[in-house]
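Numbered from 1 within each chain, the chains take letters A, B, ... in sequence-line order. We use all heavy atoms of the structure for the numbers below, so side chains are in, but hydrogens, waters and symmetry mates are not.
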Amino acid sequence: MSEYKKVCFMYRHKDYTIDGMRSALGLAVENMYAYGAVLGHEMDTLNEDQQEALEMLRDMEGEIYSTETVNCEKNGVESITIEELGEKLREMTNIIPYGIK
Amino acid sequence: MKILNVYRSAPDDTTKKLVEIVTRDRDSDSVDLSGDSPDYDALVDKIYDADQTICWW
Amino acid sequence: MAKSLGIFVTNPDNWRHVMGITKAAKAKGSKVKVFFTWSGTKCAKLDEFPALCELADDVSICADSYKKMGYEVTDVPAGLTEKEMGTQAQHGAILEDYECYINL
């Protein structure tokens, strides 16, 4: 396993998703591989600052995924199935179900 | 690799599926935190015994 | 020697678990750090919050989240100091420096 932490947040409630993405970015700037997965709900449309934060996360080799096509279409996050996410989680040093469901 | 799954509420299908994949071919244990009087002493022992703790919703 | 434990809190409904786990870990002689973010920062307004600050070795909250929850950042919760009104770097410190981790 890499010497760097690999952390994946998972968001299941709309009110927690955008801020949870900020938490992922916060770890990326601390030299960790940080990912987020939006599960089972439609996110708000990202504003300019939030899109910029997503780009910063990607610049640091992080990513935001979603199981919902609508989020991929409106916010440009990466599509993922639950099975693919599960496999990805196996590579993580820390798995963080964020907020409430 | 030993995984400790902690549940704050009854796991639904999404959680069950993720737990199934994450724990596949790995040692795992679980704790239910949804009751009135969780045994925190036992929980902390299990956290210390695990390589990774995941506290599900 | 008991392991060290970091607790990351995003949901205020988990307050009883934060206290329960911190008490149990401290009783074992562990070093405990707790960081509250997003709506977890509402816990800083609970009557029991100063007791957690006494009990744990290090408690901090995300100042930006606290502000978004409607509080003034200058209104430092009882039990904390201004420097413990932190950033997500505190979460990073938990992941890097503590042997065990739980999110609540």
Would you check if the side chain of R16(C) reaches a backbone N or O of S37(B) as a donor-acceptor pair within less than 3.5 Å?
-> no
Does a side-chain heavy-atom distance below 4.5 Å link Y101(C) with Q52(B)?
->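 No - every pair of side-chain heavy atoms lies 4.5 Å or more apart.
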Which portion of D45(B) sits near chain C, non-hydrogen atoms under 4.5 angstrom =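 Both parts, heavy atoms under 4.5 Å.
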Check each atom of L33(B) against the heavy atoms of chain C and say whether the ones under 4.5 Å are side chain, backbone, both or neither.
->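 Contact with chain C: backbone and side chain both.
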What pair of heavy atoms forms the shortest contact from [X] to [Y], and how long is it?
X: D41(B); Y: K28(C); result: OD1-NZ, 2.6 Å
X: N103(C); Y: R8(B); result: O-NH1, 3.7 Å
X: I102(C); Y: C55(B); result: CG1-CB, 3.8 Å

How about K2(B): does its NZ atom have over 12 heavy atoms from other parts shown lying under 6.0 Å from it?
->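 Yes - once you tally the heavy atoms of other residues, nucleotides and ligands closer than 6.0 Å, there are more than 12.
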Under 4.5 Å from a heavy atom of chain B, the part of K23(C) involved | neither
Atom pair [atom1]/[atom2] of [X] and [Y] - distance to nearest 0.5 Å:
X: K3(C); Y: I47(B); atom1: NZ; atom2: CD1; result: 11.0 Å
X: L5(C); Y: Y48(B); atom1: CG; atom2: OH; result: 4.5 Å
X: W57(B); Y: D13(C); atom1: CH2; atom2: CG; result: 15.5 Å

Which one of T53(B), V6(B), I54(B) has the most heavy-atom pairs closer than 4.5 Å to chain C?
->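 The residue among T53(B), V6(B), I54(B) with the greatest pair count is T53(B).
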